[in-house]
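Below is one structure; the comments refer to it alone.
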Amino acid sequence: MVLQPQLKILISRDEIARTVERLAREISRDYQGRQPLLVGILKGSFVFMADLVRRLDLPLELDFVRLSSYGCVRETSGKVRVVQRLQTRIKGRDVLVVEDIVDTGTTISFLLDYLKKKKPASLKLCALADKPSRRRVPVPIDYLGFTVPDKFVVGYGLDCDERFRNLPDICVMED
Ligand code: IMP
Ligand code: MG
């Protein structure tokens, strides 16, 4: 695939595959004997979710929510809304949220609070990437793929203004 000149590979597809494999082993082990519901956050988690679920050795179900936050492309404004709700009742279920990247923590802490009110049996978070340098709201990440530096990353589901989600590697945008 031809990369744009301003994109540099930060995490290669091979490294991503190995990490997804590791996360899948941890999750399969921890949820043995249970039937978790994986909740993906659209749109960013769709590639990660697709790879992860195919490596999980569990009788799982999945669903998606779509959130929107007002503000410019690279910064969450702090106001998060659910624009597409879950189709599944989560009361009493073991829920595992699958997110692309935790940045300030605003988006995911909103969603975790929202889901907690629906009384799941358990609620955990799996994130592909974490940018801890920018955290404003503390977020416990139960399963983490990568810690990334304070740079804007795209690819493997992550976008900039809706572009680059299809890149197979995680790339850094140099501006
Ligand atoms: P937060 O609410 O500040 O934690 O932002 C989280 C959301 O912002 C993620 O779900 C992503 O959609 C988006 N985001 C944060 N950092 C990046 C990045 O480096 N690349 C692409 N999207 C990002
Ligand atoms: Mg996004």
Side-chain angles (χ1 to χ4, degrees), residues 1 3-13 15-17 19-20 23 27 37-53 62-86 90 95-118 120 123-175:
M1 187 172 281
L3 289 182
Q4 308 272 327
Q6 77 272 26
L7 295 179
K8 218 179 75 202
I9 294 179
L10 178 69
I11 304 163
S12 72
R13 63 199 78 180
E15 216 177 320
I16 296 171
T19 295
V20 172
L23 292 171
I27 294 166
L37 174 73
L38 273 68
V39 172
I41 306 180
L42 293 174
K43 301 175 197 171
S45 74
F46 86 106
V47 179
F48 178 41
M49 181 77 141
D51 280 349
L52 183 67
V53 293
L62 58 88
D63 201 345
F64 292 94
V65 282
R66 185 147 171 210
L67 304 175
S68 93
S69 59
Y70 300 104
C72 68
V73 185
R74 294 191 181 199
E75 191 75 33
T76 311
S77 68
K79 266 195 195 167
V80 188
R81 267 190 326 133
V82 178
V83 292
Q84 187 186 311
R85 291 156 184 263
L86 287 175
I90 67 164
V95 175
L96 177 62
V97 175
V98 179
E99 170 64 312
D100 54 1
I101 187 165
V102 182
D103 187 19
T104 64
T106 311
T107 306
I108 196 65
S109 67
F110 165 85
L111 183 70
L112 292 174
D113 286 348
Y114 170 85
L115 295 176
K116 237 175 254 164
K117 291 191 188 121
K118 299 181 186 292
L123 183 60
K124 286 195 185 186
L125 173 63
C126 173
L128 174 68
D130 183 20
K131 231 189 261 182
S133 53
R134 289 185 23 104
R135 192 73 89 258
R136 271 187 252 141
V137 189
V139 176
I141 304 177
D142 302 284
Y143 305 97
L144 174 65
F146 304 98
T147 299
V148 297
D150 185 9
K151 299 250 172 78
F152 202 78
V153 291
V154 295
Y156 199 71
L158 290 151
D159 74 305
C160 177
D161 223 354
E162 293 304 325
R163 288 193 58 207
F164 310 119
R165 291 194 197 274
N166 59 319
L167 297 178
D169 311 288
I170 296 175
C171 301
V172 178
M173 297 206 59
E174 321 254 72
D175 40 22

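Just so you know, ligand 1 is whichever comes first in the structure, and atom 1 is the first atom listed for that ligand.
Between Pro149 and Leu10 the shortest side-chain heavy-atom distance falls below 4.5 Å. Between Lys118 and Val95 there is no side-chain heavy-atom pair separated by less than 4.5 Å. In this structure, Val97 and Leu112 have side chains that are in contact, with non-hydrogen atoms separated by less than 4.5 Å. Annotation: side chain of Asp130 is not in contact with side chain of Val139 (no heavy-atom distance under 4.5 Å). A heavy-atom distance below 4.5 Å is not found between the side chains of Leu158 and Phe164.
Between Arg163 atom CZ and Met173 atom CE the span is 8.0 Å, to the nearest 0.5 Å.
In this structure, Gly44 falls outside the shell of residues with a heavy atom less than 4.0 angstrom from ligand 1. Every heavy atom of Val80 sits 4.0 Å or more from the atoms of ligand 1. Within the 4.0 Å heavy-atom cutoff, Arg134 does not count among the residues contacting ligand 1. Note on ligand 1: Ile101 sits in its first shell, one or more heavy atoms being nearer than 4.0 Å. Using a 4.0 angstrom heavy-atom cutoff, Lys131 counts as in contact with ligand 1. Not a single heavy atom of Val154 sits closer than 4.0 Å to an atom of ligand 1.
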Return all side-chain donor-acceptor pairs below 3.5 angstrom for residues 40-53, not counting sequence neighbours, or 'none' if the list is empty.
| from | atom 1 | to | atom 2 | distance (Å) |
| --- | --- | --- | --- | --- |
| Lys43 | NZ | Glu162 | OE1 | 3.0 |
| Ser45 | OG | Ile41 | N | 3.1 |
| Ser45 | OG | Ile41 | O | 2.9 |
| Asp51 | OD1 | Arg54 | NH2 | 2.8 |
| Asp51 | OD2 | Tyr156 | OH | 2.6 |

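Judged by distance alone, the side chain of Asp142 and the main-chain N or O of Leu125 form a donor-acceptor pair under 3.5 Å.
Summarising the local packing, CZ of Arg66 is surrounded by 12 or fewer heavy atoms from other residues, nucleotides or ligands at distances under 6.0 Å.
Closest to atom 7 (C) of ligand 1 by heavy atom, among Thr107, Val102, Leu128, Asp161, is Thr107.
At least one N or O atom of Val153 sits closer than 3.5 Å to an N or O atom of ligand 1. No N or O atom of Leu158 sits closer than 3.5 Å to an N or O atom of ligand 1.
Shown in contact with Asp103 at under 4.0 Å from a heavy atom are these atoms of ligand 1, numbered in order with element: 1 (P), 3 (O), 4 (O), 5 (O), 15 (C), 16 (N). Residue Gly105 has at least one heavy-atom neighbour below 4.0 Å for each of these atoms of ligand 1: 1 (P), 3 (O), 4 (O). Atom numbering of ligand 1 starts at 1 in the shown order; those under 4.0 Å from a heavy atom of Thr104 are 1 (P), 2 (O), 3 (O), 4 (O). Near Lys151, the atoms of ligand 1 lying under 4.0 angstrom from a non-hydrogen atom of the residue are 19 (O).
Only the backbone of Asp159 comes within 4.0 Å of ligand 1, judged by heavy-atom distances.
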